[in-house]
Amino acid sequence: MGKRLKQVYDAFLVLDVEATCVEGSDFAYPNEIIEWPVCLLRWKDANVKGKTRELEIVAEFRSFVRPTWRPQLSEFCQALTGITQEQVDSASTFPEVLQDFRKFLEEHELLDEAGHRLARFCFCSDGPYDIRDFVVKQCFISKIPVPAWLSGDVMDVRRVVGEWHDANTAAAVERRQVNVGAFPLPRRMTFPIPRQLHALGLEPFVGRQHSGIDDTRNICRLVIELARRGWRLEPNTAINPNRRWPWMGKRGKVLEEYYS
DNA sequence: AGCTTATTCAGATAAGATGG
DNA sequence: CCATCTTATCTGAATAAGCT
């Protein structure tokens, strides 16, 4: 059981986007975001000294997003994410959804109208990809800058769970004791969400895997449990908003020669 | 001591995995 | 086709050990 801890952040925004893909596409593909699900977590037990342990979901934002470069979803993508063509057809484009999301952040007193931070908040996702890759790609395609409030503080929850696992499991502790002194030292374990849940002693995955909102809610369970166990939650992922991929042409153009 | 061979260790390099 | 992280493999220097 964790002790109460002075935590750095007031709020956490757990995010797990879904994006377009085709069978066999690799990490350089111009993925377009098609679902933007976010849960807002806040402390519910901060004492006078600001020490906390209990996080709770206080709000959810969820919107599908209509892709513009390749508006038609592949069969593969629909099967993977469970998202239908109709759902994206009737959705807004990314810049519009981002505006709505910004309003959400203002309503919850995380940003002011000028986009300044009103509280310390940190985005959380499973793996480093969501903001580092998908958001950066999407902003290029949408011809908009990556908002500063989105690229600052990012925590890869999968990695944190791995670090927690290394530091706390019997196997890892034993390994460390046996190998006093000279050994390659801590190999960090990382694994998919269902096994992360198990590692933290939680009940199995709830909902449908690769559904953005369900993934997001399960990541929330991980973050809440890490906090409950007294683990400090802080950013561990750098974002380069100007990162470029080979298919990026001038002024938001996707070079078509890469994809027939 | 002088030489050779083995062992260890650290750093470099190569290879593999990676989410939607 | 990118970038990053992790693991495995290689390499070379330093060290240790064995031998005459």
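Values in this document were obtained by computation on a predicted structure and should not be read as measured data.
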Toward the 5' end of DNA chain C, by each residue's nearest nucleotide, A:Arg132 or A:Asp26: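 With A:Asp26 and A:Arg132 compared, the 5'-side residue is A:Asp26.
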For [X] and [N], what is the distance between atoms [atom1] and [atom2] respectively, to the nearest whole Å?
X        : N      : atom1 : atom2 : result
A:Asp214 : B:dG19 : CG    : P     : 18 Å
A:Asp133 : C:dA3  : CG    : C1'   : 8 Å
A:Trp245 : C:dT4  : CH2   : C1'   : 12 Å
A:Ile34  : B:dG19 : CD1   : P     : 17 Å
A:Asp156 : C:dC5  : CG    : C1'   : 11 Å
A:Asn236 : C:dT4  : CG    : C1'   : 13 Å
A:Tyr29  : C:dC2  : OH    : P     : 18 Å
A:Phe134 : C:dC2  : CZ    : C1'   : 13 Å

Could you identify the nucleotide paired to C:dT15, looking across every strand shown and requiring Watson-Crick or G-U wobble geometry with both distances under 3.5 Å? B:dA6
Suppose we define a pair by two distances each less than 3.5 Å, Watson-Crick or G-U wobble; what does B:dG19 pair with here?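 No nucleotide pairs with B:dG19.
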Looking across every strand, which nucleic acid part, if any, lies under 4.0 Å from A:Asp16 by heavy atom: base, sugar-phosphate, or nothing? sugar-phosphate
Side chain to side chain contact (heavy atoms under 4.5 Å, CB included) between A:Thr216 and A:Leu15, worked out: CA-CA 6 Å; A:Thr216 300; A:Leu15 166 70; 5.9 Å; no
Tell me whether the centres of the aromatic rings in A:Phe191 and A:His165 are closer together than 6.0 Å. yes
Just do the side chain to side chain contact (heavy atoms under 4.5 Å, CB included) check on A:Asp153 and A:Phe121 with the steps written out, would you? CA-CA 7 Å; A:Asp153 305 72; A:Phe121 59 85; over 6 Å; no
With A:His108 via ring pair (Phe, Tyr, Trp, His ring centres under 6.0 Å) - residues at least two apart: A:Phe104
Options C:dA3, B:dG19, C:dC5, nucleotide nearest the side-chain atoms of A:Arg243: C:dA3
With rounding to the nearest 0.5 angstrom, report the OG1 to CG distance, A:Thr237 to A:Asp156.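 A:Thr237 OG1 to A:Asp156 CG: 4.5 Å, rounded to 0.5 Å.
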Output the distance between atom CD (A:Glu203) and atom CZ (A:Arg221), rounded to the nearest 0.5 Å.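 Going from CD on A:Glu203 over to CZ on A:Arg221, the span is 7.0 Å.
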Strictly under 3.5 Å: I want the nitrogen or oxygen pairs between protein and nucleotides 14-18 of chain B, one per line.
none

Criterion ring-ring contact (aromatic ring centres under 6.0 Å, His included) against A:Trp36, the qualifying member of A:Phe94, A:Phe64, A:Phe134: A:Phe94
